[in-house]
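These notes are about the structure you will find just below.
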2 protein chains.
Amino acid sequence: MRDVAKLAGVSHQTVSRVINDHPNVRAETRERVLAAMRSLNYRRNLAARTLATRESRTLGIIGFETTLFGPESMLYGIESAARAAGYLVSVATVRELAHRPVLEAVDRLAQHDVDGIIAIAPKPAVTTALTHAPNGLTCVAVGGAGSGSDPFPTVRVDNAAGARIATQHLLDLGHTTVHHAAGPPDWPEAQARVDGWRETLYAAGAVVPAIRPGWWDAAAGYEQGRRMAADPQVTAVFCANDRIALGVLRALHEAGRRVPEEVSVVGFDDMPDSGYFLPPLTTVHQDFGELGRRALALLLHHMARVDGDAPPSNVVVAPEVVLRSSTAPHRLFARG
Amino acid sequence: MRDVAKLAGVSHQTVSRVINDHPNVRAETRERVLAAMRSLNYRRNLAARTLATRESRTLGIIGFETTLFGPESMLYGIESAARAAGYLVSVATVRELAHRPVLEAVDRLAQHDVDGIIAIAPKPAVTTALTHAPNGLTCVAVGGAGSGSDPFPTVRVDNAAGARIATQHLLDLGHTTVHHAAGPPDWPEAQARVDGWRETLYAAGAVVPAIRPGWWDAAAGYEQGRRMAADPQVTAVFCANDRIALGVLRALHEAGRRVPEEVSVVGFDDMPDSGYFLPPLTTVHQDFGELGRRALALLLHHMARVDGDAPPSNVVVAPEVVLRSSTAPHRLFARG
DNA sequence: GGACACGTTGAGAACGGTAACACTCACGAA
DNA sequence: TTCGTGAGTGTTACCGTTCTCAACGTGTCC
């Protein structure tokens, strides 16, 4: 910077003003400085800037160290939006969604002077840990069920609504009731899907079958699918996500129960290849990229208003059902 | 830091020495400083340190803004290894694997003073762009085919070997030849798989069927699968990845060609749920987590030896075939 | 014509560390 | 005794920005 100042025949302060678009610089001077910057290929040193301003133009993301589809796709949404806003994104992953690892992740990010944090927070342990973030560090949580009483801004998909439309879709096809291949019971998102499913059955006066929770993967879905395949009463299954649905489809196939002729199956997520399952999966679409962008927008918004204690806003994104070939009218219904 | 020094009754320099584990500090003094640090809850300011040392303890990753399975899983491997080594990881994604976007990504990371870069570089454009990285910025490329003449260290899976074992596996089952559902032609990894497949057929004296390249997803696989399903000569298909295999499986199923009884199918990647396809997919396993860890180790290694111009090492990881239910002996072979 | 506001610029002090060097002191060898 | 040596510590400069404040025109108003 000193060299630029010398070449342009001004003080380093004036150079700084040009860099930061200060209004009070004569057009001609600005031009001279810009020319000098170009000719010296000058690049402002961010570390020095951070030291002086306590602002690093870096954002932190706390992620979960597992290849779940959602979290991964969000990263891109967040990163490209952050780039557009002039921020770099740093990632800290936790091996386990517990209090202590999350605190450590926050700490790691804070040490590197991030200006704000987006935490992928599918479980409450993450949110509570975030409460202990250093003062002045803005946090946004994305995911989870959203109790409405969260201490900070939140972005999430309306899981219950997604479950409702999925279940209702199956009821509308004439199925007397809908079984549910549930996700892990200690994940609020899984619980919200259970709730939406159950509500819809209640409202329709349908029997509510028992659920046996599992994990988010195809192996768990396969287990559940085997049980369901053995029960001839089962004609419609709503799965907590697409991977579970994949396992359910395999189990049904192995048991000789045809989808969708005998059993209808609906998933959740709409992963890129769900349209190529056997049969192509009807599912509830979540726009994770959009979720990431919204989370970033919310974070920047809250970072900006340092003055007022604006109430933590909560953004809820509505999912929608994608119709493919894994659902069909109930056989009795069709006949009758 | 000044406060700590005052409280401990030493100079700030001594505090600095304690932080950096300098040997020449009396044990008692060190203890006093540590106590002061604890009582003041002191945290060293990384921006200041970066400014003084030009070392940020941050690593950059250049990724591809698309939900391809491999790149995503690597991120976790890299991040957790980086954490163990005391580094934070920053991510810069590119929308397109072209020269310019990659240069911009490098630039963004350089501006934030990263100490080194791992680039997920499946296409040569990335590697060549990396050549223009600022001097002194160590880069490691992971992925691609590895020409052996790369200007910097490289980590990759031996794609040709993977293709060979997959193809050989099918030949060993008695198939007279093996068809290939290829990936994008301008991706060296896809090309290496083509090469491995072709070599193996040559060596066995088998006919080499024509290939029609596509993209990496199930939709492309479905297209290719439809063509193959229509050709009764096709009894064995080696797919460039699991997602393509998923599309091929669907196409074969729709055409009424049973897998594996009539047609055998092999994938590549071994995604988490490939074992739950219909039928469970025999595939070539790539350990992406390991790949990420290796890339990081290589990067740190090259960052350390600033002195000598060590030749760029190239790490090649061997893939292995995972046998499941999508392959079976050729029907004629079995009969005869 | 002098007081005053305002646009423009510069000098110097932060910001919080590390690097280089000087200094003190105890110890052992010449 | 005298000097060199090395461990332990303090002093000062420096990393590259931004911030604060003062200074300098220049035009405007009374």
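Computed from a predicted structure; not experimentally measured. Each chain gets a letter, A, B and so on, in the order its sequence line appears, and its residues count up from 1.
Side-chain N or O atoms of Thr58(A) include none that pairs as donor or acceptor with a backbone N or O of Val114(A) at under 3.5 Å. The closest donor-acceptor contact from the side chain of Arg54(A) to the backbone of Asp115(A) lies at 3.5 Å or more, if one exists at all. For Asn159(B) (side chain) and Val157(B) (main-chain N/O), a donor-acceptor pair under 3.5 Å exists by modelled atom type.
Here the C1' atom of nucleotide dT17(D) and the CG atom of Asp113(A) are 14 Å apart, to the nearest Å. Going from atom CG of Asn20(B) over to atom P of dG17(C) covers 11 Å, rounded to whole Å. At whole-Å resolution of the value, CZ in Arg30(B) and C1' in dA7(D) are 13 Å apart. The distance from atom CG of Leu46(A) to atom P of dC15(D) is 18 Å, rounded to the nearest whole Å. The CZ atom of Arg32(A) sits 8 Å away from the P atom of dG10(C) (whole-angstrom rounding). Protein atom CD of Glu55(B) is 13 Å distant from nucleotide atom C1' of dG17(C), rounded to whole Å.
Among the nucleotides dT9(C), dT11(D), dG17(C), the one closest to any side-chain atom of Gln13(B) is dT11(D). Here the nucleotide nearest the side chain of Thr53(B), chosen from dT18(C), dC15(D), dG16(C), is dT18(C). Comparing dT8(C), dT18(C), dT18(D) by their closest approach to the side chain of Ser16(B) singles out dT18(C). Candidate nucleotides dT9(C), dG17(C), dT17(D) were compared by shortest atom distance to the side chain of Arg26(A), and dT9(C) ranks first. You'll find that the side chain of Leu51(B) is closest to dG16(C), out of dG16(C), dG8(D), dG10(D). Minimum atom distance to the side chain of Arg2(A) is reached by dC15(D), of the listed dG10(C), dC15(D), dC15(C).
Counting any heavy atom pair closer than 4.0 Å across all strands shown, Asn24(A) reaches a base atom. Residue-level contact check: Val10(A) touches the backbone only, with heavy atoms under 4.0 Å from sugar-phosphate atoms and none from bases. Within 4.0 Å (heavy atoms only), Thr50(A) reaches no atom of the nucleic acid at all. Nucleic acid contact for Arg54(B): sugar-phosphate only, since backbone atoms but no base atoms lie under 4.0 Å from a heavy atom of the residue. Backbone-only contact: Arg43(A) has heavy atoms under 4.0 Å from sugar-phosphate atoms and none from a base. Residue-level contact check: Arg17(B) touches the bases, meaning some heavy atom is under 4.0 Å from a base atom.
Donor-acceptor pairing under 3.5 Å is recorded for the side chains of Arg83(A) and Thr93(B).
When each of Ala48(B) and Val25(B) is assigned the nucleotide of DNA chain D with its nearest heavy atom, Val25(B) is the one assigned upstream, toward the 5' end. Place Ala52(A) and Thr29(B) on DNA chain D by their nearest nucleotides, and Thr29(B) ends up nearer the 5' end.
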task: Decide side chain to side chain donor-acceptor pair (under 3.5 Å) for Ser90(B) and Ser90(A); before the verdict, give the C-alpha distance in whole Å, the side-chain angles of both, and the deciding distance to 0.1 Å.
output: CA-CA 4 Å; Ser90(B) 288; Ser90(A) 288; 2.7 Å; yes

